[in-house]
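Below is one structure, written out as structure tokens, with a few remarks after it.
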Amino acid sequence: MKSTRSTPSDSSARAPISALATPLKQPATEPYYHAVGDEVDVFAAAAQSQLPVMLKGPTGCGKTRFVEHMAWKLGRPLVTVACHDDLTTADLVGRYLIVGDETVWLDGPLTAAVRAGAICYLDEIVEARKDTTVVIHPLTDSRRALPVEKRGEYLTAPPDFMLVISYNPGYQSVLKEMKPSTRQRFVAVDFDYPQAEVEARIVAHEGGVDAATAGRLVKLGGLTRKLKGAGLDEGAGTRLLVHAAQLIARGMNPLAACTAAIARPLADEPDTRNALDDLIRAVF
Amino acid sequence: MSERKLFAHEIEARLDELLLLKLRQRSAEQAARQLETLPRVRQERVLHWVGIAAQGANELGWQLASQAAEHAAELGDAFDAWARAGLAAHDGGGIDAARQAWQAAVEELRAAAARPSGSVALAEVEGRLNRFLQALHGRPLRLASASRAWTDGETLWLPERLDRAADADGNRRLYTLLAVQLWAQARFGSFNVDPEPELSQWPDRSAALAWFALFEAMRLEARLEAELPGIARDIRDLRGPWPAALQPAADSLARPDATAADSLAWLAEQRKVGAGGTPIYPHLTGFDPLAARRLRAVRMARDSKTLRRALNIMRAVDPHTRGGAGDREQAPLAAEGDALPPDLQAEELQGLPPDAQAAAQSLQQDLDGMPPEILSPAGPGAWQPEGREESEAPVAEPEGRPDAVYDEWDYRREAWRRDWCHLYESEGPAGEDAWVEGVRSRHAHLIRSIRRRFESLRGEDKAERRQLDGEEIDLDAQVEARADRRSGSEPSPRLFIHRRQIERSLAVMFMVDMSGSTKGWVNDAERESLVLLCEAIEALGDRYAIYGFSGWTRTRCDIYRIKSFTDRYDAATRRRIAGIEACDYTRMGVAVRHLSGLLQGQATRHKLLVTLSDGRPDDHGDEYRGRYGIEDTRRALLEAREKGIRGYCVTIDRHGADYLPQLYGPAHYSVIDDASQLPRKLAEIYRKLTA
Ligand SMILES: Nc1ncnc2c1ncn2[C@@H]1O[C@H](COP(=O)(O)OP(=O)(O)OP(=O)(O)O)[C@@H](O)[C@H]1O
Ligand SMILES: [Mg+2]
């Protein structure tokens with residue numbers, strides 16, 4: 001299980017370890033995020049209304065960054081869980097550990113977030129095992145509760161607690177579609193690639209390149225996105241463009257940088273790879 | 001292969017066996033002697049292909065054997081491609097065609113050997129060029145070969161071969177560069193002004209056209225500088241500096257607001273000074289604005305009709321969407337150059353169906369903007385249904401009572417046609433046993449690797465925790481039990497982890513296009529890919545069924561059962577796969593309705609309907625062709641969606657990207673450029689789809 005929260009070392013406690021023992025920290029500086037639409041307002045309103053939020057959108061378009069930004073803005077701690085197919089309920093809620101000869105309870109990230117009134121971000125929720133999605137159900141309706149069965153505890157979330165999930169609808173596998181009963185509990189915010197000028201500003205800022213280079217990278221990104229469904233499962237997200245920019249900022253030749261950071265990660269098939277190379281050459 | 005060569009008598013024996021020569025009183029002695037000189041690997045390739053050819057027709061195998069004996073040494077690595085070319089030709093034109101194709105392929109090989117080493121054929125770059133063009137904005141363009149590079153705005157013609165540059169890379173870039181310039185002519189309005197008034201004033205028409213082409217090249221180069229700077233740089237490198245006398249023209253045409261009309265103005269200028277011939281530049285393409293404008297006129301009429309119709313429907317549904325336009329007469333297409341503020345266009349076009357949006361974009365491209373008249377819906381009643389009345393539509397003779405009848409959606413009336421399609425379900429005809437065996441042995445390696453990958457998918461078995469027994473100890477449970485014991489409560493005995501294969505709970509229906517257009521190679525590819533797929537899914541244990549569909553008008557819609565959900569993948573099923581053949585048309589909606597009904601009966605959690613097709617919905621008589629068929633199919637897929645069935649389409653129709661997003665949504669289809677890739681790709685697509 002990956003979690004941004006560090007687990008306390010074994011020696012640190014004899015009594016039940018609460019996640020509060022290590023206070024959830026907030027970043028010192030504002031995470032850079034460039035708003036694309038009304039997502040900031042929607043998110044803030046949902047936070048005020050104590051409603052859970054679902055972020056939908058292709059990979060690398062700023063969902064994670066957005067949540068980091070909003071957490072900072074709302075002054076709430078953030079707990080991020082990258083979901084994967086071995087993620088169990090215990091991984092989210094918590095489990096007993098043996099420390100010396102004692103058994104010690106350790107909160108999982110979700111429980112910790114509930115206790116702390118934090119924002120809990122479940123990234124790529126569809127990757128998690130089906131039974132894990134069930135534990136979030138009572139948190140997403142008016143009960144706002146988390147039963148911690150193993151401890152016989154029934155936690156009610158404080159007003160500041162907020163559940164955020166992300167979900168990529170372009171996902172190919174039918175087995176990973178979200179059930180309507182889960183979907184309909186969330187306020188949904190659609191993410192898409194930002195408009196060209198905005199994206200260029202993001203790439204310039206994040207990648208440390210000049211506006212002209214950023215503009216070309218964004219142009220290239222736009223071209224690859226038209227190949228979705230025709231050779232590519234998905235076009236280049238902002239993330240890939242930022243990666244290429246970072247390589248260029250380090251002095252790498254733009255063609256080589258784009259090939260390494262954009263073309264190769266996107267495609268294996270020869271025609272598509274070659275076409276991407278041609279596109280790179282056409283733009284730079 | 002380190003094995004020794006086969007001796008002539010061994011080869012002869014194998015050929016005898018493959019071709020049943022004894023029965024035919026033919027002798028492969030001479031062929032065998034010629035083949036004896038080849039290395040073992042090549043000998044095996046020849047025998048391999050003879051076997052495949054003989055499956056199609058014995059005579060074809062014989063022909064292949066004799067031709068191969070003569071040419072295999074010379075063909076070397078090109079042998080496989082050579083053999084394939086003949087088989088493909090045989091599908092369409094029989095033995096003679098195959099023989100000709102083989103001969104042509106040998107000659108082509110000889111010609112290639114004589115060519116400069118860096119030369120590149122269009123066929124080599126076609127795939128990447130197609131992808132490249134797909135990424136560019138604007139109306140989709142087809143690629144074709146001709147002696148000169150030029151475009152009519154819908155097709156890009158490029159020379160069959162380029163050897164002007166020093167090396168292969170240079171020639172490949174030259175292809176890209178030519179294609180991009182042609183794309184730019186279509187994209188940036190080279191054909192949006194009528195050049196005739198100016199051209200007709202020149203004594204030498206071809207000189208006038210050449211100058212026009214040159215000025216347009218200057219203008220488009222500047223547009224490319226903004227759009228695709230790398231290409232513009234390549235062009236500059238290729239052409240060198242403009243002569244001083246032309247520099248003013250180049251500068252003024254480089255302004256971002258310059259249009260083809262400005263090029264014509266420079267042309268007039270040139271006429272007045274009495275210009276001679278144009279300077280020659282290697283990057284210039286052919287230029288035929290008149291041909292392009294003829295197509296443009298047809299296209300614009302069609303697009304504006306589509307767009308008007310859509311706007312009318314939209315307004316009929318919601319009369320408040322736009323005010324005040326109702327009392328305006330339906331105006332003829334606006335004069336050229338009537339541009340509209342861009343924001344209005346975007347807003348206006350939003351709610352339109354995809355085909356109308358495509359039409360609008362195409363029109364915008366043809367007009368450098370959208371004339372307001374097109375955007376105003378006509379007055380009430382102006383909308384006429386398109387197409388024939390139903391009584392005129394041809395109807396096939398009914399044959400007995402249909403097994404089911406289905407409604408069909410008529411988008412023009414926004415209404416159902418009740419009990420419109422008569423469906424007959426029958427068992428697919430049996431083909432030859434040997435065919436599937438041939439595929440299995442030919443692709444043995446591929447099948448093994450696909451199976452391995454699929455098994456790993458299944459192999460992701462899940463650990464079930466807290467079991468009464470199992471292969472591993474559940475540490476969490478142990479710890480808890482201990483905690484319980486200490487606190488004095490009863491510890492749970494469920495202390496083990498049991499590894500269990502996950503229930504995928506998935507049922508898949510494959511709906512195979514058996515329309516006439518799949519005849520030949522496509523049909524073979526479909527059948528082969530089904531064999532590979534079955535082998536793969538068997539490794540996985542998913543529930544699956546395969547049905548073919550075809551039809552001849554609404555009263556004769558056929559569904560052929562190849563494998564029902566309960567059928568096993570046994571010899572009978574395999575024979576039915578071998579027996580899949582190209583029949584009639586593609587009335588798709590009814591097939592989707594019937595098969596999603598069968599799929600719905602499956603008690604699995606996930607249901608998937610995968611269509612394997614080679615083109616858009618179509619049927620005899622033009623009623624189902626075009627928009628009607630697409631709309632009906634879209635409806636059927638939506639209904640299926642409501643039943644919890646997800647649709648996916650795998651097509652080898654290159655133009656699939658034009659209409660598939662409408663049918664399946666942007667992420668739910670794959671276009672495969674080359675039918676021969678289908679077997680390889682289909683299993684992979686299925687794996688991704690259900691991973
Ligand atoms: N609107 C934005 N403002 C600032 N940075 C952005 C924005 N959009 C994208 N980025 C950049 O793109 C990178 C990738 O974004 P992020 O990790 O948030 O993507 P994501 O949507 O969470 O992707 P995934 O679905 O793969 O998790 C960020 O690190 C950031 O550099
Ligand atoms: Mg993320």
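By convention in this document, chain letters (A, B, ...) are assigned in the order of the sequence lines, proteins followed by strands, and residues within each chain are numbered from 1.
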key: Structural part of Tyr96(A) lying under 4.5 Å from a heavy atom of chain B   = both

remark   = d(Arg131(B) CZ, Arg273(A) CZ) to nearest 0.5 Å is 14.0 Å

message = Gln134(B) vs Lys226(A), test: side-chain contact (heavy atoms from CB on, under 4.5 Å). Steps then yes/no.
response = CA-CA 7 Å; Gln134(B) 268 168 355; Lys226(A) 289 200 70 193; over 6 Å; no

note = The reported gap from CG in Asp278(A) to CD1 in Ile231(B) (rounded to nearest 0.5 angstrom) is 8.0 Å

request  = Indicate yes or no: does Lys150(A) engage Asp484(B) in a salt bridge with an N to O separation below 4.0 Å.
outcome  = no

request  = Against chain B, label Arg216(A) side chain, backbone, both or neither, depending on which of its atoms sit under 4.5 Å from a heavy atom there.
outcome  = side chain

ask   = Quick one: CG on Leu228(B) to CG on Leu223(A), what's the gap to the nearest 0.5 Å?
value = 6.5 Å

note = Residues Arg281(A) and Arg233(B): closest non-hydrogen pair is O-NH2, 4.2 Å

inquiry  = If you apply the rule side-chain contact (heavy atoms from CB on, under 4.5 Å), what do you find for Arg95(A) with Glu480(B), and how did you get there?
reply    = CA-CA 9 Å; Arg95(A) 54 162 48 94; Glu480(B) 257 169 58; 6.0 Å; no

task = For each of Asp169(B), Thr176(B), Leu177(B), tally heavy-atom pairs with chain A at distances under 4.5 Å, and name the one with the top tally.
result = Asp169(B)

Arg465(B), part contacting chain A, at a heavy-atom distance under 4.5 Å = side chain

remark   = When the 4.5 angstrom heavy-atom criterion is applied to Ala226(B) and chain A, the contacting part is backbone

note = Rounding to 0.5 Å, atoms CZ (Phe132(B)) and CG (Leu227(A)) come to a distance of 10.0 Å

Where Asp271(A) and Gly127(B) come nearest, the two heavy atoms and their spacing = OD2-CA, 3.4 Å

key: Nearest-0.5 Å distance that lies between atom CZ in Arg128(B) and atom CG in Asp277(A)   = 7.0 Å

